[in-house]
Structures are given as C-alpha cells and as structure tokens.
Amino acid sequence: MSFTDDQSPVAEQNKKSPSEGHWFAVQVASGCEKRVKLNLEQRIHTLDVADRILQVEIPKTPIVKIRKDGARVQGEEKIFPGYVLIRMIMDDDAWQVVKNTPHVINFVGSEQKRHYGRGRGHVLPMPLSHGEVERIFRHVDEQEPVVKIDMEIGDHIMVLSGPFKDFEGDVIEVSPERSKLKALLSIFGRETPVELEFTQVEKQN
C-alpha cells in the first residue's frame with residue numbers, strides 16, 4: 001500500500017513528535033483486542049519498526065465479580081472494549097504496520113473529506129491528549145462495596161470515580177444482581193457503552 005501526499009498520516013505532526021511518541025486509539029474487531037496486541041507485537045519486530053511503535057496496551061481495571069452463589073472473584077475488565085492503545089512515533093511505515101494488522105479496523109481520528117466520489121474519506125489519526133492518557137491509565141485500586149440503587153434505563157448519570165470520573169451519560173442497561181449498569185459516555189468523540197458500578201455513578205434527573 002502506498003500513499004499520496006494528501007493521504008500521508010499526520011505528516012506535520014511527525015515533525016513535532018517527541019522520541020517517546022504519542023498515544024493513539026485504534027478500533028479493532030469485537031473480542032479481538034488481545035489477539036491484535038499479540039499479533040502487532042510480533043509484527044513490530046518482524047517488520048523492524050520497534051523504534052517507532054513503542055508500546056501496545058489494552059487498558060484494564062481491577063474488578064471483583066460476585067457470582068450467583070455469592071462468591072467474590074477478583075479479575076480484570078477492559079476499560080475500552082473494542083479498542084487498543086498504541087504509543088508510537090507516527091510515520092507512513094508505522095501507520096501501515098498497525099493498519100494492516102489483522103482485525104484492526106482503523107485509527108480513531110478525524111475523517112477527511114474525499115476530493116471526489118462517494119464513501120468514507122481517509123481517517124487522520126489523532127493522538128490522545130495528556131489528560132485522556134492520564135485518566136485512562138489511572139487504575140482503580142479499591143473495589144467499591146456492592147450496593148443496590150434505584151436506576152432505570154434512560155436516566156442521566158454522572159460518573160463519580162474511576163477512569164471516567166466527571167463523564168456524563170445515559171443509562172442503557174441495569175443489572176441489579178451485579179450492582180452494575182451500562183451507560184453511553186462520549187469517549188473519543190463518539191458514544192461508547194461503558195459498564196460501571198452503582199457506587200461509581202450519581203443520577204442527575
């Protein structure tokens with residue numbers, strides 16, 4: 001694959017990229033986050049771009065799952081299902097290695113208008129802000145106690161703690177038996193379903 005000048009990803013940005021690179025979010029096929037990470041880490045060395053693709057992460061947060069029998073099981077849960085985060089120094093070679101990795105859909109970024117024809121334009125990868133990176137990698141150290149709460153689908157909530165603190169969204173699913181709910185939060189400029197503990201949210205309406 002080759003690129004014309006107007007397709008070259010973040011050409012101007014590369015001139016300013018520090019040696020430690022920037023974090024980018026990459027959308028992947030559902031349930032393939034771990035597979036993409038392992039595959040990409042192999043391709044980094046095979047294709048000799050380890051000096052530009054520096055780190056691949058699937059952000060997770062520690063959780064305590066409560067089984068039907070009441071047993072508490074510690075585990076981890078993906079913070080962004082369907083996304084992998086990559087710290088990289090962007091250039092065309094590194095872009096191609098990531099984009100052509102199986103099960104990778106696209107970088108999260110700004111879609112450019114096509115000069116002609118129909119269909120989706122080229123997506124210009126946009127690095128995450130310092131605040132987003134700090135929030136994402138702030139792990140939850142203590143599991144909140146499981147409580148019951150009066151919450152219904154359509155309620156507007158604010159997140160009080162955890163990686164999404166101060167985010168607002170609407171409830172789309174409530175699981176009283178698990179003391180959890182799902183809400184649509186605006187992440188990376190798009191509505192993203194996120195699972196939250198009851199103790200992490202406050203109803204706004």
Side-chain angles (χ1 to χ4, degrees), residues 21-34 36-37 55-87 104-111 123-205:
H22 293 287
W23 284 99
F24 294 86
V26 173
Q27 188 177 12
V28 304
S30 178
C32 293
E33 298 89 348
K34 186 176 181 180
V36 167
K37 182 177 187 294
Q55 190 174 354
V56 183
E57 294 291 342
I58 305 170
K60 296 179 181 177
T61 186
I63 61 168
V64 175
K65 291 185 177 179
I66 301 178
R67 291 178 173 172
K68 292 182 179 179
D69 60 2
R72 299 169 70 90
V73 180
Q74 293 187 346
E76 291 183 321
E77 193 170 73
K78 292 188 285 287
I79 296 177
F80 301 114
Y83 291 91
V84 171
L85 301 187
I86 302 173
R87 184 166 63 90
V104 166
I105 296 175
N106 212 338
F107 280 89
V108 173
S110 174
E111 185 172 342
V123 174
L124 184 70
M126 299 295 292
L128 304 181
S129 69
H130 176 74
E132 285 178 309
V133 173
E134 185 178 23
R135 182 168 56 243
I136 289 169
F137 287 102
R138 188 187 306 147
H139 294 285
V140 178
D141 296 325
E142 297 181 0
Q143 181 67 30
E144 297 288 340
V146 178
V147 297
K148 293 185 178 180
I149 190 172
D150 179 20
M151 194 74 71
E152 295 180 352
I153 293 174
D155 285 344
H156 191 70
I157 57 99
M158 172 179 284
V159 183
L160 303 176
S161 64
F164 304 103
K165 186 176 185 298
D166 296 332
F167 278 64
E168 295 187 22
D170 294 326
V171 176
I172 59 172
E173 183 179 316
V174 182
S175 302
E177 71 282 0
R178 301 168 58 226
S179 296
K180 291 185 176 182
L181 58 82
K182 282 186 179 178
L184 284 178
L185 305 182
S186 180
I187 301 171
F188 307 139
R190 66 182 63 185
E191 297 295 309
T192 304
V194 175
E195 191 171 65
L196 300 160
E197 299 280 353
F198 283 166
T199 53
Q200 290 181 274
V201 303
E202 180 181 73
K203 186 158 55 174
Q204 298 294 293
N205 56 353

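Keep in mind that the numbers below use all heavy atoms, side chains included, and drop hydrogens, waters and symmetry copies. Keep in mind that this is a model prediction, so the values were computed, not measured.
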Between NZ on residue Lys203 and CD1 on residue Ile157, distance to nearest 0.5 Å: 11.5 Å
Side-chain donor or acceptor of Glu168 paired with backbone N/O of Met158 under 3.5 Å: no
Glu132 vs Phe188 side-chain heavy atoms within contact, under 4.5 Å: yes
Minimum side-chain heavy-atom gap Val194-Val159 below 4.5 Å: no
Least distance between heavy atoms, Pro59 atom then Leu85 atom: CG-CD1, 3.4 Å
Interatomic distance, Arg87 atom CZ to Phe24 atom CZ [nearest 0.5 angstrom]: 12.0 Å
Nearest atoms (heavy-atom pairs only) where Leu128 meets Ala25: CD2-CB, 4.2 Å
Closest heavy-atom pair and its distance - Lys60, Lys78: CG-CA, 4.2 Å
N/O donor-acceptor pair under 3.5 Å between His156 side chain and Gly169 backbone: yes
Heavy-atom side-chain contact between Phe80 and Ile136 under 4.5 Å: yes
Which atom of Pro193 lies closest to which atom of Leu184, heavy atoms considered: N-CD2, 3.7 Å
Distance, nearest 0.5 Å, that separates NZ of Lys182 from CD of Glu195: 6.0 Å
Beyond-backbone contact of Val171 with Val201, side-chain heavy atoms, under 4.5 angstrom: no
Student check: side-chain heavy atoms of Lys165 and Arg135 closer than 4.5 Å: no
Minimum-distance pair of heavy atoms, taken over all atoms of Val28 and Glu33: CG2-CG, 3.9 Å
Reported NZ-to-SG distance for the pair Lys37 and Cys32, which is rounded to 0.5 angstrom: 15.0 Å
Distance, nearest 0.5 Å, that separates CD1 of Ile187 from CZ of Phe167: 5.5 Å
Atom pair CG (Asp170) and CG (Leu181), whose distance is rounded to the nearest 0.5 Å: 11.5 Å
Minimum heavy-atom distance Ser186-Glu191, with the two atoms named: CB-OE2, 3.8 Å
